[in-house]
Each structure stands twice: as structure tokens, then as C-alpha cells.
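The first residue of the sequence shown is numbered 1, and numbering continues consecutively from there.
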Amino acid sequence: KASAKTIATTLSSIKDLTLNGSWNGSDNATRTTGVLADGSQVSVTIGDGSNVAAVNLNGAGSVGVHASEGSTVTLNDNVAVNFDSNKSDQIAFWVDGSGSQIITDAGTTQTQVNGDGATLFYVTDTATLDGVLNLNLSGKAGSDKITSGIRVSGVGSLATLATGSLLTIGTNATGVLAENAGQAVIEVGAAFSVSGDNAVVGKATGEGSRVENRAVVTSLAGSNGSTAFLAQNGGVIDNKGKIDLSAGTNHTAIDLHNGHVVNISDILANGTAIHIKGSDSTITNAKTIEAVDGKAAIHVDAGAGLNLSAA
């Protein structure tokens, strides 16, 4: 643990960081943590950008790096993050609280991430994430848990994926999850692809939660039953990037369940372009919505309401 509020303190890890202990399944205090940074004067750097390093999470609920109280984490290129898909609920990087931040400079070498209900970046309680990433993300097939690339939670919490970010989302995985009024921005020049079953690029759940997308989203050959964006229970998807899920089958470009969507870019899907559930769902649209094959351009479930207006 490093704690400092007045004297600058720097921690660097350029080799492997391995966590073996497991938590009790409910109490965060029982999570095994590799690096705990506490205080506005603490800076933690993982990797040097050149040599290969790794964060190995072997225990259930283990946390690689936990930054709080205004501390800063910098993640460089060439750092492998190895979740154990037989151990659930692991978190690689957790930044929490006002002034706490993670800066990612990891866009060159692709990081393979596979876990069971794992979270690569957890941003909570007004903390922030900003930078470039190159990820191939997937969850555990057959599990009821979803693995998240970026999970941002709480009022004032913000994650920004910068230009040049490349994310491929596989089975049982969500690229960006905004919950409990957390917010995420995917910048223009980033690119997302869905490659597996039950893959979701971005999800906003709960009042005040918001995902703003400016990136191009596509599907890969062989993908099935995936979703570009999901808005539920008052969550908002603000889409400014083209969505083309024409490769693969049975996709949904935008899924609403009592959620809200503002769309100003073209949407294509093999399956359903927009699926609406719940009487409180709304869509504001200014571009073309098209189902290139499959069910419908707009599918409204029984009992749902369609409030569709032009932007």
C-alpha cells in the first residue's frame, strides 16, 4: 500500500504482478489487492511500454490495482491482463473517488482478456478514465455473468475512450457499461466490433447513466445474437457513429428496455435495427434505420410504446 497526500510518491511495476487469494463473495474488504494507492500524491505506473509485463489474477474477486483518494494510475502498452475464467468477479484496475484517475496508453499491442464476470477497468464515485486501448474481450461461455471492458458507476464518474482505441467484443462480454448515473464517451476514430454470441458494445442502465458513441461499430462474420447498444431503466444511448451489424446473424443494433436513444447516424443490422421493450422507451432519430436481413427495422414488443421523433 502507498498512501500520500503531501509528498509525491511513485510506484512502478515493469514485470509481473500476481494475485492468488479469493474473496468471500460479498465484502469488498476481503478482496486480495496487488497495489493499493491512496492519496493525491500517489502515482502508479504499470508497464514501461516496451518490455512485456503482466497482471495475473488467480483468485476469485481479486483486484490488480486499486486507486483511491485522488491517486493516479498509468497503464502502458505491452501489459497482459490474465483473468482466470474459473474464478469469477475479478477486477484488474479499480479507480475510486474524486480526483482518482487511470490514464491508458495501451493502443498498440492487442490485449486478450477472458474472464467470468470480470472487469478490466472499474471507475467509481467520480473517478475518471481517459486514453487509448486495444482489446479483444470475451466472457465465459455458458456463464450467467458478463465480463466488462470498462464499467463506470456513480454520479460524476466518467470514462473516455480516445481516438485510436480498437475493441473487439466476444461472447458474454460488454465493452462499455455505464450504471448508477455513470457516463462514458467513445471518441470519433475509435472502432468496435462484435465477434461472438451475446456481445454488447455499450450499455447504459439506470437513470442518469449515459453512453455517448462517436465510433464506427461493426460485426464480424460468424457473430450471432449481439447488440451494439442497450439502454434500459432510464439509461441513455447518444449515438453519433455508424452502426453496421450486417455481417453475422440475429443481431440487434440498438435495444431499448424503458431506455432512451438519440441517434444521428445510419444504423444497419442483420436481424433487428431497433428493438423496443417497455412503455417508457423513447427514440429521437435523424438518420436511416435499416434491417438488411432478418426481422424488422423497428420491432416493438407487446406492451411497449414507440415514442419516435426526428432530431
Participant: Would V95 and V35 show up in the same hydrophobic cluster when neighbours are defined by side-chain heavy atoms closer than 4.5 Å?
Facilitator: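 As far as the 4.5 Å side-chain criterion goes, V35 and V95 are connected within one cluster.
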Participant: Show, in sequence, the C-alpha distance, side-chain angles and deciding distance for D116 and K87, and conclude whether the salt bridge (charged side-chain N to carboxylate O under 4.0 Å, His left out) test is met.
Facilitator: CA-CA 7 Å; D116 183 17; K87 304 288 186 179; over 6 Å; no
Participant: Taking the side chain as C-beta and beyond, is there a heavy-atom pair between T174 and T147 under 4.5 Å?
Facilitator: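 With C-beta onward as the side chain, the pair stays apart.
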Participant: Donor-acceptor pair, S226 side chain versus G196 backbone, under 3.5 Å?
Facilitator: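 Confirmed, S226 side chain pairs with G196 backbone.
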Participant: For a salt bridge (charged side-chain N to carboxylate O under 4.0 Å, His left out) check, start with the C-alpha distance between D89 and K145, then their side-chain angles and the critical distance, and finish with the verdict.
Facilitator: CA-CA 9 Å; D89 305 306; K145 296 177 180 290; 3.6 Å; yes
Participant: Check whether any side-chain heavy atom of L245 lies under 4.5 Å from a side-chain heavy atom of T218, and answer yes or no.
Facilitator: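 Not in contact.
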Participant: Take the angle between the ring planes of Y122 and W94 and call it parallel below 30°, perpendicular above 60°, tilted in between.
Facilitator: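 Plane angle between 30° and 60°, so tilted.
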Participant: Just so I know, are the side chains of V261 and L256 near enough to count as touching, which here means a heavy-atom distance under 4.5 Å?
Facilitator: yes
Participant: Are S223 and H251 side-chain neighbours, meaning at least one heavy-atom pair lies under 4.5 Å?
Facilitator: yes
Participant: Tell me if a side-chain donor or acceptor on N172 pairs with a main-chain N or O of S143 at a distance below 3.5 Å.
Facilitator: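 Yes; at least one donor-acceptor contact below 3.5 Å.
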Participant: If hydrophobic clusters are built by linking Ile, Leu, Val, Met, Phe, Trp and Tyr wherever their side-chain heavy atoms come under 4.5 Å apart, do V63 and V73 end up in the same one?
Facilitator: no
Participant: Among N134, L135, N82, find the residue that satisfies the side-chain contact (heavy atoms from CB on, under 4.5 Å) test when tested with T111.
Facilitator: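 So the option named by the test is L135.
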Participant: Can you confirm whether L75 sits close enough to I103 that some side-chain heavy atom of one is under 4.5 Å from a side-chain heavy atom of the other?
Facilitator: no
Participant: Just checking, any donor-acceptor pair under 3.5 angstrom between side chains of S138 and N114?
Facilitator: yes
Participant: Could you tell me whether the side chain of Q110 reaches within less than 4.5 Å of the side chain of N136, counting heavy atoms only?
Facilitator: yes
Participant: Test D255 against K203 for salt bridge (charged side-chain N to carboxylate O under 4.0 Å, His left out), laying out the working first.
Facilitator: CA-CA 9 Å; D255 196 2; K203 177 180 178 180; over 6 Å; no
Participant: Return yes if some donor-acceptor pair links the side-chain N/O of N213 with the main-chain N/O of N239 below 3.5 Å, else return no.
Facilitator: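 Absent.
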Participant: Is L17 linked to V44 within one hydrophobic cluster, defined over Ile, Leu, Val, Met, Phe, Trp and Tyr using a side-chain heavy-atom separation of less than 4.5 Å?
Facilitator: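 Result: yes, single cluster for both.
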Participant: Would you say I289 ends up clustered with I254 if hydrophobic residues are merged whenever their side chains have heavy atoms under 4.5 Å apart, either directly or through other cluster members?
Facilitator: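 Cluster IDs for I254 and I289 match.
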Participant: Using modelled atom types and a 3.5 Å cut-off, is there a donor and acceptor pairing between side-chain atoms of S71 and backbone atoms of S43?
Facilitator: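 No.
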Participant: At their closest point, which heavy atom of A297 faces which heavy atom of A291, and how far apart are they?
Facilitator: N-CB, 3.6 Å
Participant: Does the N78 side chain pair with the main chain of G49, one donor and one acceptor, at a distance under 3.5 Å?
Facilitator: yes
Participant: Side chains of T108 and D77: do they bring a donor and an acceptor to under 3.5 Å?
Facilitator: yes
Participant: NZ of K242: more than 12 outside heavy atoms within 6.0 angstrom?
Facilitator: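 Open.
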Participant: Quiz question: by atom type and distance under 3.5 Å, do the side chains of D84 and N58 form a donor-acceptor pair?
Facilitator: no
Participant: Can you confirm whether I298 sits close enough to I276 that some side-chain heavy atom of one is under 4.5 Å from a side-chain heavy atom of the other?
Facilitator: yes
Participant: Have N24 and D27 got a donor and an acceptor in their side chains that come within less than 3.5 Å?
Facilitator: no
Participant: Linking I/L/V/M/F/W/Y whenever any side-chain heavy atoms sit under 4.5 Å apart, do L177 and L167 land together?
Facilitator: no
